[in-house]
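A short worksheet on the structure shown next.
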Amino acid sequence: MFARGTVAAAVAASRTAPSLFSAAGAPQLLLASPALSSLPSTFAPSAGLARIPATLSQVRHFQRKKRPPPKVWTRPLLMQKVLDLLFDYARVPEDKVNLDANLANVLLIDRLERYGLFLDALDVFEVDTEMERRFTRDLASGRELADWISSLLEESGRLNYQG
């Protein structure tokens, strides 16, 4: 399989290589190896904790993109967006969907879908609030949702009545 000279050379090289263990069997650090001697002097063990060269210490930093400032909404645009959300969740023909329609009785939106509507409204309008699951049970119409969102936007200064 191997040539006789190749195996013999490998065995001879292993006998002449420095041992990784001392005579007592404890591991020892090989400082005179060719790999360490080829490094710059800043890495030499005698130099202590030397400064790492700039070429080795440069790390690519991924900068997180800055989030754009939250959008300022107008009341008509807010009402239209809530109506669009209602179109997504309602299980009735589009002509029955309006802001004053009852979510459960007229639009046939069950309690889990009302909770999804609530979460989507928080996401669309970028509103941070406590998760008020009780509020979703009391939510009766799209107008109530629009009024509640507009009050939160008004508190944060993101609702413009002039538009």
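Predicted model only: the values in this text are computed from it and were never measured. Quick note: residue numbers are just sequence positions, from 1.
The ring-ring contact (aromatic ring centres under 6.0 Å, His included) check on Phe125 picks up Trp73, with sequence neighbours excluded.
A distance of 7.5 Å separates CG of Leu145 from CG of Leu85, quoted to the nearest 0.5 Å. One finds the CD1 atom of Ile149 at 9.5 Å from the CZ atom of Arg158 (value rounded to the nearest 0.5 Å). Note that CG of Leu122 and CG of Leu152 are 8.0 Å apart. Values are rounded to the nearest 0.5 Å. Expressed to the nearest 0.5 Å, how far CG of Asn98 lies from CZ of Phe87 amounts to 8.5 Å. To the nearest 0.5 Å, the span separating CG on Asn160 from NZ on Lys71 amounts to 12.0 Å. The OG1 atom of Thr74 sits 10.5 Å away from the CE atom of Met79 when rounded to the nearest 0.5 Å.
Taking all atoms of both residues into account, the shortest heavy-atom contact from Ser150 to Arg75 is OG-NH1, 2.7 Å. Nearest heavy-atom pair across Leu139 and Glu144 is CA-OE1, 3.9 Å. Closest approach of Glu126 to Pro70, counting heavy atoms only: OE1-CA, 3.4 Å.
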Verdict with supporting geometry, Glu154 and Tyr161, side-chain contact (heavy atoms from CB on, under 4.5 Å): CA-CA 10 Å; Glu154 188 176 11; Tyr161 286 102; 3.3 Å; yes
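By the 4.5 Å heavy-atom criterion applied to side chains, Val72 and Leu159 are not counted as neighbours.
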Could you go through residues 99-110 and list every donor-acceptor pair under 3.5 Å that involves a side-chain atom there, pairing it with any protein atom two or more places apart or in another chain?
unit_1	atom_1	unit_2	atom_2	d
Asp100	OD1	Arg143	NE	2.7
Asn102	OD1	Ala104	N	2.9
Asn102	OD1	Asn105	N	3.0
Asp110	OD1	Glu113	N	3.0

